[in-house]
Amino acid sequence: MKALFNYIKEVLGGFYTLLQGLGVTGKYLFTPWNYVTQSYPENREKLQMFERFRGEVIMPHNENNEHKCTGCGLCELACPNGSIEIISKSILTEDGKKKRIIDKHIYHLGMCTLCNLCVRACPSDAIIMGQKYEHAVYNRSNLTKVLNKPGSKIMEGIKE
Amino acid sequence: MAFSIYDFTDLAQSIHNGLSSSLTPVWTTVIEWAIIGILYILFVALFGLFLVYAERKVCAAIQQRIGPNRVGPYGFIQTIADFIKLLMKEIINPKGVDHFLYNLAPYIVIATVFIIISMFPFAPGLQSFDFDIGVFFVTAVSSVGVIGILLAGWSSNNKYSLIGGIRSGAQIISYELSVGLSLITMIILSGTMQISGIVNGQADGWFLFKGHIPAFIAFVIFIIAGTAETNRGPFDLPEGESELTGGFHTEYSGIKFAFFFLAEYMNLFIVAAMVTIVFLGGWQPLHFGTGNGFNAAMDLLPPIIWFFLKVCTIILLIMWFKWTFPRLRVDQILTLEWKYLLPINLFNIILMSVVVLMGWHW
Amino acid sequence: MAEYREIIFNSDKIQTDDYFVNIGPQHPSTHGALRIVAKLEGEIVQSIDPVIGYIHSGIEKMCESLSYPQLIHLTDRMDYLSAHMNNEAVCLCIENALQVEVPERVKYIRTIMDELTRIASHQLWWCATGMDMGAMTTFFYGLRDREPILDIFEETCGARMTFNYNVPGGLMFDIHPNFQKRVKDFIRYFRKKLPEYDTLLSGNVIFKERTKGLGVLSKEEAIAWGVTGPSGRASGYSCDVRKLHPYSAYPYVKFEEKLATDGDTFWRYQLRIEEMWESMKIIEQLIDNIPEGDFAVKMKGVIKLPEGEFYQRVESARGEFGVFIVSDGKKNPYRLKFRSPGFSNLFVLNELVKGVKIADLVAIMATLDLVIPDIDR
């Protein structure tokens with residue numbers, strides 16, 4: 001008799017735990033408007049990344065097309081996987097001295113691990129992490145970017 | 001042409017009369033068959049697609065997602081788009097398959113579905129076959145479907161498929177017992193195996209309420225066993241995607257996969273419809289006793305809507321199970337059947353016999 | 001039955017062959033490119049043979065050519081679910097070698113981040129375990145609750161998984177001003193949601209039946225195979241590095257090392273759930289008491305470790321994670337070895353699965369909490 005009682009208890013107890021589980025899912029099933037999904041392409045306009053979000057390395061330019069990069073190459077040294085190449089050139093300054101300035105700051109997004117070490121290494125805060133998060137391109141060569149805009153100059157007052 | 005949403009008998013009769021007045025009896029029969037066949041194919045395709053959509057929406061709601069929402073309003077055309085994609089996909093025949101059986105399996109599965117659906121009364125006068133052993137016929141035919149699954153598992157030349165097929169065989173053959181016994185319980189109450197007879201017997205109250213305790217036990221067991229028979233819910237071992245990566249239909253693609261897929265959802269419909277017919281009064285509106293105001297109010301809703309309302313409720317319940325419970329193991333599934341459901345069921349038959357003999361039912 | 005088997009398997013006329021099933025490298029339940037060759041008899045697993053190396057990326061070798069600050073970001077990619085612990089282990093090792101004392105603030109923040117990472121990792125493990133058992137819904141509930149943590153990470157260090165938040169001598173940034181508020185919000189939210197996990201999965205009769213008494217790992221075996229983390233503690237092996245060799249702010253907090261004696265799948269599961277509660281307790285003790293101060297000490301431009309061998313262990317979400325650095329005094333390590341918990345935890349699998357069903361193999365594998373890049377490195 002005790003075995004039978006235990007048997008019934010087992011069956012009913014099992015059913016009770018199943019009903020509890022159904023209660024958890026049922027709570028959400030009957031409130032389908034409480035979803036947590038974001039409709040991604042629609043909310044593209046509103047979607048705001050956090051300020052420290054590491055999307056890509058960018059070089060901010062001011063309105064006069066000037067940047068802060070001196071071409072010192074510290075970011076190139078800090079980069080663990082060679083995603084940054086600095087190509088510098090020599091120019092003659094007004095007082096007749098030779099000076100090396102940046103020609104091209106080449107950035108391979110396809111190789112970048114977004115580790116932020118280059119930004120940390122930069123002494124003049126010339127490069128920062130950008131907020132862009134949509135990096136898909138049709139051609140791999142589009143992932144290689146030149147960060148300094150054509151014709152841009154170094155800002156006044158940035159010391160070598 | 002007499003047409004009433006409440007009773008389709010006149011419509012069927014007038015179509016028959018119209019055809020037979022202008023054609024020979026042979027042609028009348030052929031054309032009637034053709035009409036019925038096209039209607040069933042349309043029904044299976046459309047309702048199957050609706051069920052796929054419904055399942056995706058239900059599981060999305062449970063998982064706090066939106067579900068399909070891109071194609072058409074609320075993603076309603078999504079499953080049709082998916083179906084078209086499946087139709088256009090290449091049918092892959094893997095190396096080393098048993099071609100005859102491999103190609104035969106999906107047709108067995110889908111043909112079974114059509115045969116069973118032909119037994120169901122959707123509304124008064126909307127039933128193709130009405131045997132005096134209707135319930136027996138349904139259980140007999142539904143076990144043919146497992147042959148298709150077994151063949152699919154065997155002929156695919158894939159170890160996962162084989163394990164899935166064997167599991168499915170063990171599972172469905174075991175759960176046939178519970179399905180059969182819980183149906184027998186209700187047949188004791190109804191006194192007939194004829195499906196129309198069962199439905200008509202519930203005009204003054206559904207069997208679930210008429211047979212109270214034993215009917216309720218049979219109801220629960222039937223839903224559990226029915227879910228197991230459709231390879232769904234916590235009993236989806238033959239597919240077991242986390243273990244067998246898709247089970248018996250791993251190697252199928254294109255329209256053949258669509259057949260399995262559609263058959264799975266139509267089996268869901270079949271179980272829900274059987275529950276509706278045997279326990280919830282088929283197309284009968286919710287009635288208590290005879291000739292009172294409540295019954296008259298319930299009669300306002302057409303029977304076909306009642307039928308699908310009940311079917312959809314049961315389907316929702318089964319979907320709710322599927323998206324809540326973890327999957328059982330293969331030996332547990334057999335333990336559940338042989339050590340729990342079967343003894344309870346046998347006891348329940350005795351209980352129901354006593355109830356019927358003593359006249360304790362309503 | 002025995003006679004029947006003898007006739008079938010020992011008959012000269014019937015040739016039988018072992019039935020091998022490849023689980024992986026592409027399989028839904030291996031959570032990555034792990035291949036398990038299972039020898040079956042029907043549904044029953046006879047033995048298994050894990051084949052690893054499908055995503056071997058040579059991180060240890062790569063580290064030899066990188067300077068110390070650079071190689072930290074590679075450890076994110078090993079056990080990506082406990083990325084912060086890996087980062088911290090390397091940083092602690094370098095700091096110990098240089099005998100740099102980091103500020104208290106750094107220790108507190110590192111510990112909070114550790115525990116948040118642990119919760120996030122266990123949440124993802126819970127999702128995956130549920131899914132391996134066939135309960136798909138758990139996957140979405142776990143990810144839903146993981147999202148606030150990832151938001152905290154993203155706001156604090158700019159990345160959701162591969163943080164690279166630690167640098168030798170401290171942290172890369174200070175915490176975000178919203179950090180404390182967000183963490184407290186999360187703890188409040190998760191204290192409400194965690195009981196839901198119990199109702200949905202742990203309390204479920206099907207789940208209990210499937211996991212209790214399955215894949216029992218004895219304490220001796222756990223020690224012999226080096227199974228650490230919650231998997232080892234479920235067998236009664238007290239191996240919590242946070243207790244045994246406290247680092248960062250762990251000496252300052254009160255928490256329990258959860259131990260069980262059964263060592264079966266259910267307890268391996270249960271201990272991880274309990275660890276989430278403990279982690280929340282640790283965070284609550286620290287979050288309001290983060291001391292003021294610098295978030296990093298000033299290090300030299302080029303970090304060179306003194307000649308010698310250095311070892312540092314931390315408790316990652318999966319067990320003991322060790323970093324062994326052999327330095328020859330240059331700016332990059334001569335040799336670097338990681339002791340990854342997943343590697344030891346995987347190879348005990350063969351002991352656990354003898355005579356279980358395929359479905360159980362998947363369940364046992366799920367509760368060992370394998371992360372494949374952690375194994376392959």
Side-chain angles (χ1 to χ4, degrees), chain A residues 1-56 109 114 131-140 142-143, chain B residues 53-71 73-75 178 213 216-217 219-221 223-224 227-228 233-235 312-328 332-333 335-348 351:
Chain A
M1 197 61 205
K2 199 173 175 209
L4 184 68
F5 182 71
N6 279 342
Y7 178 85
I8 292 170
K9 204 176 140 189
E10 199 183 323
V11 171
L12 291 182
F15 259 106
Y16 180 66
T17 60
L18 295 182
L19 286 180
Q20 276 186 321
L22 283 179
V24 172
T25 45
K27 193 172 73 194
Y28 299 114
L29 171 60
F30 294 109
T31 52
W33 50 89
N34 284 338
Y35 54 79
V36 291
T37 324
Q38 295 180 5
S39 313
Y40 159 56
E42 284 89 1
N43 70 355
R44 205 186 252 157
E45 304 297 316
K46 285 183 288 175
L47 196 59
Q48 194 66 42
M49 290 288 131
F50 292 109
E51 55 197 279
R52 288 179 185 172
F53 175 72
R54 309 208 285 251
E56 60 174 341
L109 179 59
L114 304 169
Q131 303 275 310
K132 196 182 159 199
Y133 51 90
E134 287 165 324
H135 292 305
V137 286
Y138 282 104
N139 193 338
R140 198 165 16 154
N142 295 352
L143 287 173
Chain B
Y53 172 78
E55 165 124 296
R56 291 173 69 171
K57 275 292 190 193
V58 165
C59 85
I62 285 180
Q63 295 162 353
Q64 293 195 285
R65 295 185 286 121
I66 308 174
N69 60 352
R70 298 282 142 170
V71 192
Y74 298 99
S178 276
I213 297 168
F216 184 73
I217 296 174
F219 176 73
V220 172
I221 290 177
I223 286 190
I224 294 173
T227 316
F235 308 102
C312 289
T313 313
I314 299 294
I315 287 174
L316 179 70
L317 195 65
I318 295 177
M319 284 177 179
W320 190 2
F321 291 160
K322 169 164 182 172
W323 295 104
T324 305
F325 300 138
R327 188 183 300 123
L328 278 86
Q332 285 170 347
I333 233 168
T335 312
L336 174 71
E337 163 63 23
W338 293 96
K339 279 171 83 173
Y340 294 93
L341 295 187
L342 189 66
I344 294 174
N345 230 331
L346 290 172
F347 168 76
N348 198 28
L351 192 68

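Letters go in sequence order (proteins before strands), and every chain restarts at 1. Only this structure's heavy atoms are used, side chains among them; waters, hydrogens and symmetry mates stay out.
If you measure heavy-atom distances from B:Pro343 to chain A, the contacts under 4.5 Å come from the side chain alone. For chain B, the nearby parts of A:Val36 are the backbone and the side chain; heavy atoms of each come within less than 4.5 Å. For B:Ile224, the part lying under 4.5 angstrom from a heavy atom of chain A is the side chain only. Of the two parts of A:Glu42, only the side chain, counted from C-beta on, holds a non-hydrogen atom closer than 4.5 Å to a non-hydrogen atom of chain B.
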Q: Might you work through the side chain to side chain donor-acceptor pair (under 3.5 Å) test for A:Glu10 and B:Tyr340, ending with a clear yes or no?
A: CA-CA 10 Å; A:Glu10 199 183 323; B:Tyr340 294 93; 2.5 Å; yes
Q. Where do A:Leu18 and B:Phe321 land on the side-chain contact (heavy atoms from CB on, under 4.5 Å) test, with the steps shown first?
A. CA-CA 9 Å; A:Leu18 295 182; B:Phe321 291 160; over 6 Å; no
Q.
Using the rule given for side-chain contact (heavy atoms from CB on, under 4.5 Å), can you reason through B:Arg65 versus A:Tyr35, listing the C-alpha separation, both sets of side-chain angles and the distance that settles it, and then say yes or no?
A. CA-CA 5 Å; B:Arg65 295 185 286 121; A:Tyr35 54 79; 5.7 Å; no
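Annotation for A:Glu134: atom CD counts as buried by contact number, over 12 foreign heavy atoms lying within 6.0 Å. Dense packing is recorded around CG of B:Leu346, with more than 12 heavy atoms of other residues, nucleotides or ligands lying under 6.0 Å away. More than 12 heavy atoms of other residues, nucleotides or ligands lie within 6.0 Å of OH in A:Tyr40, so this atom counts as buried by the packing criterion. Shown here is B:Lys339, whose NZ atom has no more than 12 heavy atoms of other residues, nucleotides or ligands within 6.0 Å. No more than 12 heavy atoms of other residues, nucleotides or ligands shown are found within 6.0 angstrom of CZ on A:Phe15. By the 6.0 Å contact criterion, OH on A:Tyr16 is open, its count of non-hydrogen atoms from other residues, nucleotides or ligands being 12 or less. Within 6.0 Å of the OH atom in B:Tyr74, the count of heavy atoms belonging to other residues, nucleotides or ligands does not exceed 12.
Residues A:Leu22 and B:Trp323 have side chains not in contact (no heavy-atom distance under 4.5 Å, counting atoms from C-beta outward).
Taking all atoms of both residues into account, the shortest heavy-atom contact from A:Leu29 to B:Ile62 is CB-CG1, 3.7 Å.
Using modelled atom types, one finds a donor on one side chain and an acceptor on the other under 3.5 Å when comparing A:Thr25 with B:Trp320.
Here CH2 of A:Trp33 is found 12.0 Å from CD of B:Gln64. Values are rounded to the nearest 0.5 Å.
Contacts with chain A were tallied for B:Arg70, B:Lys57, B:Gln63; B:Arg70 has the most, counting heavy-atom pairs under 4.5 Å.
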